[in-house]
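So the structure is just underneath, and the comments pick up after that.
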There are 2 protein chains.
Amino acid sequence: MLDVLKQHIIDRLGKDAPNVEEVLRHFKPVRVRRNTILLRHGEVCKYVWFIAKGCVQVFVYDAEANEMTRDIVLENNWVSELISFGNRQPATENIRTVEPCELLAIDREGFQKMMETVPQFEMVYRQILEASYANSVYRLNTFVSMDALDRVKWLMEFKPRFLNRLSNKLVASYLGISQETLSRLKSKL
Amino acid sequence: MLDVLKQHIIDRLGKDAPNVEEVLRHFKPVRVRRNTILLRHGEVCKYVWFIAKGCVQVFVYDAEANEMTRDIVLENNWVSELISFGNRQPATENIRTVEPCELLAIDREGFQKMMETVPQFEMVYRQILEASYANSVYRLNTFVSMDALDRVKWLMEFKPRFLNRLSNKLVASYLGISQETLSRLKSKL
DNA sequence: TGAAAACCTTGACATTTGTCAAAGCTGGCG
DNA sequence: CGCCAGCTTTGACAAATGTCAAGGTTTTCA
């Protein structure tokens, strides 16, 4: 399981990154079944997870207690509630596995030790942050500038795996539309 | 004009931050009238701007060539197209002043020199990035979980200055709704 | 300061999207 | 492997939002 993370880091920092093994030591492997809650809103987020295998959903509740998903993260990526994690604030979002997952978790203490002792890790963190931000920006632009149909087309172009792999219900809540609307729009294409 | 930036940096790094003057040297003051294009999509974003005074709009065009705004940034904040700026990629977004502005611009060269020579500047950059990311996350959650009316209420609670200060048209495009809908919803409250 | 342009509001209507319900399907888990 | 909770699709209708148009108001800038 650690192999996947090792490769991920090498891809980013170059093969001669000296402290990879040192970095890996701080991560705790976790295997969880699908539908496992990793973070409940109101709690402080204690970990950053690397997803070695599986898929995870970040979601909030709307006024009628429906789950609306702000983000979906596949394997070989990072997931957390960075705002809560960084400032020890109560999280505003929930995180849950969508499939059985193999995760590598690092807690705040480990994270900070790494930031101090492994200079390259700061770089990795910044890359996580930049990638998460870029993702949000693109996604925001779909919401302000596209209607439901165009968002579905956007998803097919830029996130094609979501449609094969995930339930319609989940994808609809990611697009901010109802399951029925998604079902009808897909049959139009 | 530099005073505003100086205070901003001191607020973040503490009063004894040793290199504030060194930092300020890298910024070029710019005064521009309203409706000045700072970045056109397709171009590479050459600067990060600190807004000492005024207000700026980050926007894209929808399928009918309407301007839809992904972000609005007021004075005492940073604005850029960080993805384009960092990777020298063509920008996907446009940036334009909404009011007469006093800006402090730093280019890529200055930015990188600062990252190398002033260790605290790396911290400032990370804080810009984290704040921008947090902003996007909250905003995304309004889109996936709220209808138009709830987004207007959200704006009144969390961005009250926008409604006083900006045109209805601009605010509507920020909320992803039509001007007419915003006008009607506001009269309902 | 005054003319032109842009903006705001309101009405009527069109379109999109949501809601509820029902029936068939599927896949996760015992 | 089979059952059942949960998912998907479809229809009919309701609600939300968009579009177009017109008239009044405000803002801009020459």
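Remember, it's a predicted structure, so these values are computed and weren't measured experimentally. Chain A is the first sequence line, chain B the second, and so forth, proteins listed ahead of strands; every chain is numbered from 1.
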Expressed as a whole number of angstroms, how long is the span from B:R151:CZ to D:dA16:P?
14 Å
So CG of A:N77 and CD1 of A:I72: to nearest 0.5 Å the spacing works out to 12.5 Å
Within this structure, what is the CG-to-C1' distance between B:N35 and D:dC29, rounded to whole angstrom?
12 Å
For the rings on B:F111 and B:F85, is their centre-to-centre separation under 6.0 Å?
yes
Just the rounded figure in Å: distance from P of D:dA15 to CG of B:L185.
16 Å
Return no unless some side-chain N or O of B:S178 is found under 4.0 Å from OP1 or OP2 of D:dG18.
yes
What is the distance from atom CG of B:L170 to atom CZ of B:R165, rounded to the nearest 0.5 Å?
11.0 Å
Exactly one of B:E99, B:R70, B:R96 clears side chain to side chain donor-acceptor pair (under 3.5 Å) with B:Q57, and that residue is B:R96
Nucleotide D:dT28, atom P - distance to CZ of B:R33 in whole Å:
12 Å
Of C:dG28, D:dC29, D:dT17, the nucleotide closest to the side chain of B:R34 is D:dC29
N/O contacts under 3.5 Å, protein versus nucleotides 5-9 of chain D?
residue : atom : partner : partner atom : Å
D:dC7   : OP2  : A:K169  : NZ           : 3.3
D:dT8   : OP1  : A:N168  : N            : 2.6
D:dT8   : OP2  : A:K169  : N            : 3.0
D:dT9   : OP2  : A:N168  : ND2          : 3.0
D:dT9   : OP2  : A:S183  : OG           : 2.9
D:dT9   : O5'  : A:S183  : OG           : 3.2

Between P on C:dT17 and CE on A:M146, what's the gap in Å once rounded to a whole number?
13 Å
Measure CD1/B:I177 against P/D:dG18 and give the value in whole Å, please.
6 Å
Length of the NZ-C1' vector between B:K188 and C:dT9, whole Å
15 Å
Rounded to whole Å, please give me the gap between CZ in B:F143 and P in D:dT17.
13 Å
Residue pair B:Q7 / B:D3, side-chain donor-acceptor N/O under 3.5 Å
no
Charged tip of A:R139 within 45° of A:Y174 ring normal and under 6.0 Å:
yes
